[in-house]
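Have a look at the structure below before the remarks.
Numbers here are sequence positions counted from 1.
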Amino acid sequence: MRSSQAIQAIKERISIVDLVRRYVDLKGNGQHYVAPCPFHQETKPSFSVNAEKGFFYCFGCQASGDIFEFYSRINGVDFAESLAQLASEAGISIEYEGRDKKGSQHDKNASARQLMLAMHEAAGRYFCSALAGEKGQACRAYIRQRGISPEIVAHFGLGWAPGGWRNLADALRALGYGPDQACEAGLLAKSSGGVCYDRFRGRLIFPIKSLSGQIVAFGGRIIEDCDEAKYINSSDTPIYRKKEHIYGLAQARRGISSKGFAILTEGYMDVLTLHQYGYDNGIGVLGTALTPEQIRRISGFTSRIVLVFDGDGAGRKAALRSCAMLLARGLACPVVHLPDGEDIDSFLKAGGRDAFDQLCKSAPEGLRYCVGALSAFAPREAVEWVKNFLADVQVPELASPYASQFAQLLGISESALRSGLSPHDKSWDKNSGGTLHNIENMRDVQIMIFAIRYPERMNDLRDLGADLALKSAAARNLWAILEQYGAQEAFYHLNERQKNFWRTHRGPGSAPLTNADQELVCLKLELEKFYEAARKASLSAAIAENAGGDFAADLEYLRALQETTGGKNE
């Protein structure tokens with residue numbers, strides 16, 4: 001079925017109550033259920049699910065939406081991925097436009113992904129079995145020496161890749177998976193001569209899971225001193241892109257939600273140690289510098305990320321870069337630097353939770369940390385760094401206060417930081433996508449309120465020329481999304497500000513959606529006033545000369561005029 005039909009069919013087949021119960025301990029009966037909110041730290045049951053309307057709402061953080069919004073938010077995935085995963089669960093096949101080409105290719109890709117996921121699950125079972133067997137004795141000894149408990153081993157699904165070149169390849173072949181398939185999935189590697197062999201050999205294995213709990217990749221650590229790299233990771237595949245994933249996020253998301261923040265560190269063993277000591281909100285990057293994609297995934301669970309880095313020069317450089325990226329996206333990010341020569345494992349073993357908690361409490365907030373790091377720069381370099389940072393800020397409202405705080409804390413001229421930039425500079429607003437927080441034109445607001453309340457009646461609005469009357473980029477951006485995706489799907493493609501606008505005028509507290517015709521009549525009167533005024537404006541003077549008071553003819557002429565003037569209607 002088409003995606004718009006699939007949305008409704010999924011809602012009919014999967015109860016929002018049943019879905020939410022997978023993640024939240026709901027209490028209640030009938031149509032109304034409550035629980036502490038999984039999206040912010042609290043103990044009171046401010047999170048409510050209405051089974052009849054298929055809608056959730058939190059009175060604390062105002063998170064709200066339907067089954068797709070909940071699934072996307074709790075799993076940190078976008079709407080397209082949520083739709084695909086829930087459709088698969090509901091047994092629904094989604095049709096795409098241009099079915100012969102795009103649809104058939106989508107089916108092939110989906111089939112290939114399912115095959116790769118199945119192979120990774122099989123590989124995970126093999127590695128776990130190898131760890132528990134005779135060949136895993138040395139690895140089990142290493143795990144005990146590192147102080148990792150059996151509970152943590154089981155929780156993270158740790159395994160062992162025995163030495164040898166074809167152990168996993170033979171195990172997969174016995175299950176019917178060919179070597180070329182396993183190479184494409186990233187489980188085997190291929191020599192220059194075309195021979196497939198085990199990528200992971202003689203290594204402690206760390207399964208990397210998606211937020212839905214499926215194994216999508218592996219990391220491996222050597223346990224004996226040798227010339228090989230200490231860590232290796234799966235290469236990118238159709239089911240795994242390293243820059244998008246966070247190690248341990250699948251296991252830590254409940255801890256992050258309950259504690260209200262995440263602890264982000266650098267390696268697999270660091271994450272295991274954090275969880276070993278009760279920090280079940282610990283997560284790690286996958287052998288790379290922090291990426292925008294990883295930040296977007298983490299920020300689906302929390303707006304506060306505690307960074308834990310080594311105290312050496314490389315750690316400080318990584319901390320400054322990570323801080324800038326997180327602050328630019330409006331996230332809080334205290335920075336914990338471990339003493340020189342210490343890692344999380346050694347520090348926690350020596351000092352325990354009390355020492356680590358004290359280190360976290362004394363950690364400077366991200367902006368102050370950046371200022372401290374910049375104090376070692378030459379003044380000119382510091383100013384240049386701050387200018388570049390301000391140009392990357394993705395929340396326009398934060399750019400001005402950031403500039404003021406940097407100027408005050410660094411003791412430099414605020415005008416020097418602002419030179420070459422303005423609130424209207426494209427670099428300050430390049431990622432805003434057009435938001436609705438600053439629409440001054442009341443007519444735009446009235447049009448978009450009706451469009452949000454009755455997106456199925458966009459054609460009626462077009463017939464009235466409402467699209468031509470829109471002046472602000474924010475309103476035109478929202479209109480384009482509604483037109484492109486339609487009434488059923490548009491909400492899932494909005495940014496957070498646009499979603500808030502939608503909730504305000506279409507959510508539980510909005511007016512009933514029962515008076516569309518009358519609301520449209522009122523809007524038509526406003527638009528007729530607009531076009532009457534347009535006749536008197538210089539841009540629309542041609543309308544008065546070429547049309548005789550016929551609203552439909554005037555509208556057709558104005559539409560043509562708009563096209564010839566590049567879409568400007570102001």
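Contact detail for Pro207 and Gly157: the closest heavy-atom pair is CG-O, 3.0 Å. Closest non-hydrogen pair, Ala35 versus Leu26, comes out as CB-CD2, 3.9 Å. Taking both residues in full, the closest heavy atoms of Cys333 and Leu326 are given as CB-CD1, 3.6 Å, listed atom of the first, atom of the second, then distance.
Under 3.5 Å, the side chains of Arg173 and Tyr177 contain no donor-acceptor pair of N or O atoms. Side-chain atoms of Asp270 and Thr273 include no donor-acceptor pair closer than 3.5 Å. Between the side chains of Tyr279 and Asp357, at least one donor N or O sits under 3.5 Å from an acceptor N or O. Defined by atom type and a distance below 3.5 Å, a donor-acceptor pair is missing between the side-chain atoms of Arg203 and Tyr231. Between the side chains of Tyr268 and Asn233, at least one donor N or O lies within less than 3.5 Å of an accepting N or O. Side-chain N/O atoms of Tyr369 and His337 include a donor and acceptor closer than 3.5 Å.
Remark: aromatic rings of His120 and Tyr240 are distant, center separation not under 6.0 Å. Aromatic ring centres of Phe127 and Phe218: separated by under 6.0 Å. A distance below 6.0 Å separates the ring centres of Phe389 and Tyr402. Remark: aromatic rings of Phe156 and Phe206 are distant, center separation not under 6.0 Å. For Phe47 and Tyr33, the distance between ring centers is not under 6.0 angstrom.
Judged purely by atom type and a 3.5 angstrom limit, Arg297 has no side-chain atom pairing as donor or acceptor with the backbone of Glu293. Looking only at distances, no side-chain donor or acceptor of Gln214 sits under 3.5 Å from a matching main-chain atom of Leu117. A donor-acceptor distance shorter than 3.5 angstrom exists from the side chain of Trp160 to the backbone of Lys135, with no hydrogens or angles considered. A donor-acceptor pair under 3.5 Å is formed between the side chain of Arg140 and the backbone N or O of Gly133. Between the side chain of Ser72 and the backbone N or O of Phe68, at least one donor-acceptor pair lies under 3.5 Å. No donor-acceptor distance shorter than 3.5 angstrom exists from the side chain of Asp198 to the backbone of Arg201, with no hydrogens or angles considered. In this structure a side-chain-to-backbone donor-acceptor pair under 3.5 Å is missing from Ser322 to Ala319. When atom types are taken as modelled, the side chain of Ser346 and the backbone of Asp343 share a donor-acceptor pair closer than 3.5 angstrom. Of the possible polar contacts, one joining the Gln294 side chain to the His245 backbone as a donor-acceptor pair under 3.5 Å is found. Glu342 contributes no side-chain N or O that, together with a main-chain N or O of Asp310, makes up a donor-acceptor pair within less than 3.5 Å.
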Original post:
Hey, mind stepping through Leu307 and Cys323 against side-chain contact (heavy atoms from CB on, under 4.5 Å) and telling me if it holds?
Top reply: CA-CA 8 Å; Leu307 301 174; Cys323 262; 4.1 Å; yes
Subject >> side-chain contact (heavy atoms from CB on, under 4.5 Å) between Arg304 and Leu331, worked out >> reply: CA-CA 6 Å; Arg304 185 173 180 82; Leu331 303 173; over 6 Å; no
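If you run side chain to side chain donor-acceptor pair (under 3.5 Å) between Lys259 and each of Asn281, Thr302, Asp280, only Asp280 comes through. Tyr126 pairs with exactly one of Asn167, Leu172, Leu131 by the side-chain contact (heavy atoms from CB on, under 4.5 Å) rule, that one being Asn167.
With respect to Arg241 and Glu244, a salt bridge is recorded, a charged nitrogen being found less than 4.0 Å from a carboxylate O. Salt-bridge formation is not detected for the pair Asp236/Lys243: no Lys NZ or Arg NE/NH1/NH2 atom is positioned less than 4.0 Å from an Asp or Glu carboxylate oxygen. Contact check on Lys499 versus Glu69 returns a salt bridge, with a Lys/Arg side-chain nitrogen under 4.0 Å from an Asp/Glu carboxylate oxygen.
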